[in-house]
Amino acid sequence: MNDTLHFPPATGIGSLPGTDAREAAKAATGSFEDFPHLPELPARGPGADMIGRTAGLLVELYARVEPSGWRIGDRPGRDTRRARSWLGEDLDALEEFTQGYEGLLKVQAVGPWTLAAALELKNGEAALSDPGACRDLAASLAEGLRLHLGEVRRRVPGARLVLQLDEPSLTAVLRGQVKTASGYRTHRAVDRQTVEGTLRDVVGVHDGGPVVVHSCAPDVPFALLRRAGVAGISFDFSLLTERDDEAIGEAVEGGTRLFAGVVPGADAPLSDPAGSVMGVRTLWRRLGLRPGLLPEAVTVTPACGLAGASPGYARSAYAHCVRAARSLADNPE
């Protein structure tokens, strides 16, 4: 699948500032004409945030907002309804701006391990503390994603969907760094094979369609994600170290797409587009990879979601990603 799929040169991560679904859809579809994404607007409040939005997709599992965060409950309440209503609003806006669209379209949801680290059980501890709860959560998420992808296909029938799983807590889960409710201890590390197997199951719901995993945390587990069957890995380029070189070289040679987050996710001065991708060219030289492979292997993105940025900066950042990708294609050396 990876070798036949052509990913366009630039896209967004997911979240945008503001509360207007139509404005956000217009920005995402207008900026990335050949690779738009479904925007997320966390500024609307609980249920529009990353965790609440995905909790609203779960099947036969429900969550509500407590002072400490999102907690799994027995029945759908106001918070679930609010999350689903906002997602419906976002899909309406996306449908409006993608009439007749044919091409790749990206939708995002929180992956099973970040969800297990963030959602609380009735006792206030993270679902991560209970292997059975983790399995139930992953199964519920998989079914919810299957339904969600079906709904997006119905609304944008010409699109080929790319599913992005947001997994910023993945490294902390693997290393036993997720704090318990008291904050004094951490949950034990989850076995790598269990993490990989669960991810593979969730990736599999996309029926052969491409799945990208995004993490803007350091030490992204490239090799584990590739074994779990992802087509692309999305990361904050500034957090890479030379320790990652070998895994990145293997990913590129294995046909895994790199979504290189080179544009800051919060308001910052933007260098010239060529300067933004200079680090990518340097990495390529260091790895001894063919320069001509660059545009075939890299999609340029912001480093993370843009929820914390100003609306003006978010628009500039999207335009900058497109120009930086063009610079990479025109001058890979």
Side-chain angles (χ1 to χ4, degrees), residues 13-15 42 49-55 63 65-72 108-138 140-141 164-203 211-228 230 233-248 251 258-259 261 264-266 303-305 307-308:
I13 292 298
S15 66
D49 61 300
M50 188 171 95
I51 298 299
R53 186 180 181 86
T54 299
V65 181
E66 297 284 339
S68 52
W70 284 90
R71 182 169 295 184
I72 296 171
Q108 308 81 219
V110 176
W113 293 108
T114 296
L115 204 56
L119 281 183
E120 298 173 359
L121 300 172
K122 291 189 180 77
N123 64 5
E125 285 298 351
L128 190 64
S129 63
D130 179 336
C134 289
R135 283 192 294 274
D136 292 347
L137 193 53
S140 171
L141 173 65
Q164 174 181 307
L165 297 174
D166 293 323
E167 281 283 18
S169 302
L170 186 59
T171 302
V173 166
L174 288 165
R175 293 187 174 171
Q177 293 169 337
V178 176
K179 284 190 161 48
T180 57
S182 70
Y184 295 121
R185 293 185 308 112
T186 55
H187 294 290
R188 68 164 60 118
V190 180
D191 174 72
R192 293 184 84 84
Q193 281 180 311
T194 303
V195 169
E196 185 187 318
T198 300
L199 280 167
R200 188 181 298 110
D201 290 346
V202 176
V203 165
V211 177
V212 174
V213 168
H214 167 70
S215 170
C216 40
D219 298 321
V220 174
F222 287 93
L224 182 149
L225 291 172
R226 290 181 55 229
R227 288 195 303 272
V230 306
I233 300 172
S234 167
F235 54 94
D236 179 343
F237 192 84
S238 71
L239 298 178
L240 287 184
T241 69
E242 293 198 14
R243 284 200 313 272
D244 298 306
D245 280 7
E246 191 180 336
I248 287 184
L258 302 181
F259 285 65
C304 221

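In this text, all values refer to a predicted model and were calculated from it rather than measured experimentally.
When all heavy atoms of A126 and A117 are compared, the pair lying nearest together is CB-O, 3.7 Å. Here the shortest heavy-atom pairing between A138 and V202 reads O-CG2, 4.1 Å. The minimum heavy-atom distance linking G14 with Q108 is given by the pair CA-NE2, 3.7 Å. Taking each heavy atom of G111 and L165 in turn, the nearest pair found is CA-CB, 4.1 Å.
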- Query: Given the rule in the side chain to side chain donor-acceptor pair (under 3.5 Å) test, do Q164 and S234 qualify, once you have shown the distances and angles that lead to the verdict?
  - Reply: CA-CA 9 Å; Q164 174 181 307; S234 167; 5.0 Å; no

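For the side-chain contact (heavy atoms from CB on, under 4.5 Å) with L119, the lone residue among L128, L137, T114 that qualifies is L137.
A 6.0 Å sphere centred on CD of E246 holds no more than 12 heavy atoms belonging to other residues, nucleotides or ligands.
Considering CG of D166 and CD1 of I13, their distance stands at 8.0 Å, rounded to 0.5 Å. Between atom CD of residue E66 and atom CD of residue E120 there is a gap of 7.0 Å, rounded to the nearest 0.5 Å. H187 contributes atom NE2, which lies 11.0 Å from atom NZ of K179 (distance to the nearest 0.5 angstrom). Going from atom CG of D201 over to atom CZ of R135 covers 11.5 Å, rounded to the nearest 0.5 Å. Summarising the geometry, atom OG belonging to S140 is positioned 8.5 Å from atom CG belonging to L115; distances are rounded to the nearest 0.5 Å.
Distance alone, capped at 3.5 Å, is enough to place a donor-acceptor pair between the T54 side chain and the V110 backbone. Judged by distance alone, the side chain of W113 and the main-chain N or O of V195 form a donor-acceptor pair under 3.5 Å. In terms of modelled atom types and a separation under 3.5 Å, the side chain of T186 and the main chain of G176 share a donor-acceptor contact. A side-chain donor-acceptor contact under 3.5 Å links D244 to the backbone of T241.
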Please list, one pair per line, the donor and acceptor atoms closer than 3.5 Å that link side chains of residues 216-225 to other protein atoms, with sequence neighbours excluded.
residue: D219; atom: OD1; partner: R243; partner atom: NH2; Å: 2.9
residue: D219; atom: OD2; partner: R175; partner atom: NH1; Å: 3.2
residue: D219; atom: OD2; partner: R175; partner atom: NH2; Å: 3.2

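Here S238 pairs with D236 under the side-chain contact (heavy atoms from CB on, under 4.5 Å) rule; sequence neighbours left out.
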